[in-house]
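Please read the structure below before turning to the comments.
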Amino acid sequence: MPDFVSLPDAISATVRDGHTVALEGFTHLIPFAAGHEIIRQGRRDLTLIRMTPDLLYDQMIGAGCARRVVFSWGGNPGVGSLHRFRDAVENGWPHPIEIEEHSHAAMANAWAAGAAGLPFAAFRGYMGSSLPAVNPRIASVTCPFTGEELAAIPAHRPDVGIIHAQRADRDGNVLIEGIVGVQKEAALAAGMAVVTVEEVVDDLAAPSMNSTVLPGWAVDKIVVAPGGSWPSYTHGYSHRDNAYYKAWDEIARDRDRFLQWLAENVMAAS
Amino acid sequence: MPDFVSLPDAISATVRDGHTVALEGFTHLIPFAAGHEIIRQGRRDLTLIRMTPDLLYDQMIGAGCARRVVFSWGGNPGVGSLHRFRDAVENGWPHPIEIEEHSHAAMANAWAAGAAGLPFAAFRGYMGSSLPAVNPRIASVTCPFTGEELAAIPAHRPDVGIIHAQRADRDGNVLIEGIVGVQKEAALAAGMAVVTVEEVVDDLAAPSMNSTVLPGWAVDKIVVAPGGSWPSYTHGYSHRDNAYYKAWDEIARDRDRFLQWLAENVMAAS
Amino acid sequence: MNDYTPTEMMTISASRALSNDDVCFVGIGAPSAACNLARLTHAPDLTLIYESGTVGARPDVLPLSIGDGELAETSLTTVAVPEIFQYWLQGGRITVGFLGGAEMDRYGNLNTTVIGPYDSPRVRLPGGGGAPEIASSCGRVFITMRHSTRGMVDKVDFVTSLGFGPTGAERAALGITTRGPALVITDLCLLEPEPVTNELIVTSLHPGVDRGQVADATGWDVRFASDLGETEPPTELELGTLRDLQRRTDEAHSEVRRDGV
Amino acid sequence: MNDYTPTEMMTISASRALSNDDVCFVGIGAPSAACNLARLTHAPDLTLIYESGTVGARPDVLPLSIGDGELAETSLTTVAVPEIFQYWLQGGRITVGFLGGAEMDRYGNLNTTVIGPYDSPRVRLPGGGGAPEIASSCGRVFITMRHSTRGMVDKVDFVTSLGFGPTGAERAALGITTRGPALVITDLCLLEPEPVTNELIVTSLHPGVDRGQVADATGWDVRFASDLGETEPPTELELGTLRDLQRRTDEAHSEVRRDGV
């Protein structure tokens with residue numbers, strides 16, 4: 001059974017400088033509150049894994065948490081660039097970062113392989129793309145039956161996997177609904193799984209026998225963090241704050257404006 | 001959109017002598033009615049894939065449909081042997097059959113690989129087992145990153161995949177609930193997918209956004225066959241007929257008694 | 001009816017290329033508008049799959065991201081992201097994939113990764129996302145791009161997703177059996193691959209556009225089909241439906257909704 | 001209390017080996033009874049996973065098959081079978097796997113495949129099912145078997161699932177880091193691997209059983225631990241709970257239920 005703890009306690013007990021950390025959530029259920037807590041605790045030199053870095057990693061990169069980013073699509077969905085991410089890659093501000101760049105298919109397969117305890121994932125991908133030439137962690141394997149050459153990438157096995165979900169019951173079982181993304185995989189592939197939830201309930205009230213449920217014994221920390229996915233959303237609890245996503249473009253374009261935003265909205269919050 | 005047809009028409013349009021055919025269903029949702037129709041139509045030389053051959057393949061093997069059986073556990077669950085299967089393997093009655101024997105993990109991975117359009121599946125398995133020595137379709141691949149050697153088997157890609165499900169809507173979308181087994185994989189891995197259902201409804205009434213639904217455009221034939229999984233069961237519609245499973249042991253032990261059962265219960269039925 | 005924008009013409013042209021039986025892997029922006037316009041006009045049964053896992057989405061407004069709640073709510077089912085890429089895209093079940101890019105060359109190779117050298121880029125673009133495998137696994141690829149010399153270039157700085165390859169021959173040489181870029185839809189014209197060479201040539205000019213405009217906006221010496229056609233202008237139904245969709249979308253996205261926060 | 005059968009003693013001994021924190025991969029028959037007995041007595045939070053995909057099953061009666069509806073209805077969730085083998089078993093999340101077999105040797109290697117040569121077997125057994133990977137992926141393996149020279153053999157005809165290997169050293173040589181057969185529970189006694197050699201030796205005799213009985217029923221020259229113990233007889237709670245469970249099970253399975261057929 002997981003520990004039910006506060007957000008500061010969950011992060012301080014699990015995330016260390018130099019760790020590989022994944023805060024997943026595919027547009028839906030992005031654990032913003034947990035990411036902001038990592039910023040507040042001043043973590044450094046993190047390897048950050050996420051398919052779509054999104055605003056959350058833009059903020060964490062801008063705040064100086066990241067040494068390396070493993071990703072497949074680094075934009076502000078429907079809006080444009082991630083300016084802090086670009087500033088780090090293009091200009092090394094606030095410090096240079098390494099990137100390990102994949103495709104979505106590769107990342108999704110790496111998550112599934114990580115959850116499955118495999119060292120690598122094989123898939124039909126990257127054909128004719130320049131990405132294998134710039135990413136040494138893209139290799140190949142040959143099918144022993146057909147001779148077909150397939151792409152291979154290492155499984156994701158972060159030290160800590162952090163996700164947001166609808167709710168947990170008192171045994172720490174977690175329900176994930178709607179766009180489930182790679183959340184289950186990120187939790188299972190990680191050494192420690194931290195889940196922030198909208199609420200803790202007596203009865204999980206899963207709508208189906210086949211609902212996506214993480215058993216409590218597969219989770220390390222549960223944090224009650226209502227609205228913890230904002231400005232992303234939690235299906236059944238909140239809507240995506242599209243205006244925030246659009247407004248972010250202006251805030252993130254300018255270093256000073258970003259730093260002011262960070263001070264007022266992350267560091268001064270709790 | 002799939003064709004809505006009768007069971008005889010669905011089978012005669014898809015299953016040919018010499019085909020590789022999978023009738024899947026993990027204890028739950030075993031498509032007995034469809035298998036009996038294959039027996040009635042007198043199909044021969046089939047390669048039959050199923051994780052757990054169960055009574056259905058015992059009946060099809062005894063009736064002479066099978067040339068080869070690909071499987072991982074050939075027993076009568078909770079009861080004992082599959083006597084027709086054993087008689088074919090041990091004594092070549094009604095004719096000798098080939099077997100290709102795997103573990104459950106291998107079969108499940110081969111189904112997932114087939115659904116994913118991959119030529120093979122890699123997994124950590126068969127360690128120290130004698131099975132690779134007797135099955136040439138068990139090979140190995142080496143992880144390009146860690147050097148670990150993993151087991152590899154060919155993906156399942158049957159000509160025809162047949163499953164039973166709760167219901168379809170009028171567009172041919174199919175709902176599968178409860179123990180979903182490898183049904184979705186078997187349908188997606190197959191060249192042609194045939195689904196027998198308890199009923200066709202106006203509204204699929206899936207209990208969750210994330211319910212297991214096969215889109216109509218991924219299905220070739222839909223057959224209304226209420227009770228089509230009996231003596232297996234259909235969650236929400238029928239219960240497993242455990243007494244039938246127990247009674248089968250006596251029927252299948254004796255060739256004459258089996259032939260009489262076949263004549264009366266399969267050939268004379270429709 | 002001539003009161004429409006080049007972008008509207010582009011979206012409407014793209015929508016026309018989709019048929020009722022297509023299963024379409026949809027990106028954000030122009031492709032999403034085109035796919036939903038097709039669904040709301042001539043292809044009501046068109047299946048839309050978003051890489052977020054939503055299968056058979058029928059959104060009433062266009063999503064801002066590929067993972068908006070609207071998509072899950074209106075879908076036949078929503079599956080995990082590994083499944084979308086394994087069973088549905090790699091499984092070969094998608095007939096049309098829509099792509100775009102910051103740069104495209106005459107063989108439909110697309111760059112969405114970097115402008116300049118990879119290790120010290122002048123512009124760091126978002127990256128590949130689903131594109132590298134959409135490019136090889138979908139039956140056909142449709143590309144939508146604004147027509148400019150900045151985007152339509154002689155040589156892409158980086159091949160994020162393969163078209164026909166740097167010389168037009170590499171796709172076949174890699175053993176890829178899907179067709180690749182079958183149609184490029186810009187705000188000026190349509191381009192299609194020339195048989196044998198696979199070079200994209202202009203096959204239809206949008207109304208009011210002339211060859212010179214297209215040539216000026218293309219970074220290579222673009223060629224025109226011998227039977228060059230003119231794109232049908234938008235019908236009243238197409239334009240009305242698209243504008244209704246955009247209006248509903250703008251209204252929905254301008255609301256600040258923080259329920260439960 | 002001495003009115004109990006050897007099978008009851010075996011099931012109860014197996015149940016005692018499970019703790020509240022275990023996550024147990026359950027087969028049918030004796031393991032299922034033992035696991036559910038543990039859950040109903042000293043280990044209420046014991047997690048049962050059946051290979052049919054049911055995670056956290058809490059059946060009121062014992063299933064006849066590993067895919068009975070009772071399991072899905074009482075489970076925390078039911079996942080697809082590929083996921084059970086990929087994420088849960090291979091993912092290393094199972095602490096205890098229960099196995100049995102037609103034959104077992106002194107190193108816990110199990111045969112559930114064939115008696116006689118593979119290509120022309122005297123007896124064709126059901127085969128491996130989940131066992132080959134349960135044997136290597138679970139933290140520990142518990143084996144339940146009826147004690148007889150037919151089953152406890154000097155050499156198995158076929159290694160379906162690995163114990164410690166033919167000489168006791170092969171498990172480690174293969175680089176397998178899970179413990180393997182940690183306990184064998186028969187109707188006569190308990191056996192555990194001897195340190196270093198990994199040979200299964202008798203560590204506890206069930207009440208009323210003597211060394212001679214065990215030696216006579218074992219197909220190899222079985223050895224006994226220097227600190228050989230005696231198994232605690234069943235408590236009233238254990239025996240009562242097990243018999244209630246069996247009675248409910250027998251009643252449920254004797255009903256012919258054909259609703260909806």
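Since we're looking at a predicted model, the values are computed, not measured. Every chain is numbered from 1 and lettered A, B, ... according to where its sequence line falls, protein lines coming before strand lines.
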Original post:
Do A:His102 and A:Ser72 have a side chain donor and acceptor closer than 3.5 Å?
Top reply: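 A:Ser72 and A:His102 do not have a side-chain donor-acceptor pair below 3.5 Å.
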Original post:
Are side-chain N/O atoms of A:Asn242 and A:Arg240 paired as donor and acceptor at under 3.5 Å?
Top reply: yes
Residue among [options] with most heavy-atom pairs under 4.5 Å to chain A:
options	value
B:Ile176, B:Thr146, B:Ile153	B:Ile153
B:Ser140, B:Pro144, B:Ala121, B:Ala113	B:Pro144
B:Pro154, B:Gly117, B:Ala152	B:Pro154

Original post:
With chain B, which of A:Ser208, A:Pro207, A:Ser211, A:Ala122 has the greatest number of heavy-atom pairs at distances under 4.5 Å?
Top reply: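 Of A:Ser208, A:Pro207, A:Ser211, A:Ala122, A:Pro207 has the most heavy-atom pairs under 4.5 Å with chain B.
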Original post:
Any donor and acceptor pair, going by atom type alone, linking the side chain of B:Arg50 with main-chain N or O of B:Gly25 inside 3.5 Å?
Top reply: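 Looks like yes, one N/O pair under 3.5 Å.
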**OP:** For the pair B:His19 (side chain) and B:Thr14 (backbone), establish whether a donor and an acceptor sit closer than 3.5 Å, ignoring hydrogens and angles.
**Re:** yes
**OP:** Could you check B:Trp217 against B:Asp171 for side-chain contact (heavy atoms from CB on, under 4.5 Å), going step by step and ending with a plain yes or no?
**Re:** CA-CA 9 Å; B:Trp217 48 268; B:Asp171 294 326; over 6 Å; no
Subject >> Portion of A:Glu177 that has a non-hydrogen atom of chain B nearer than 4.5 angstrom >> reply: both
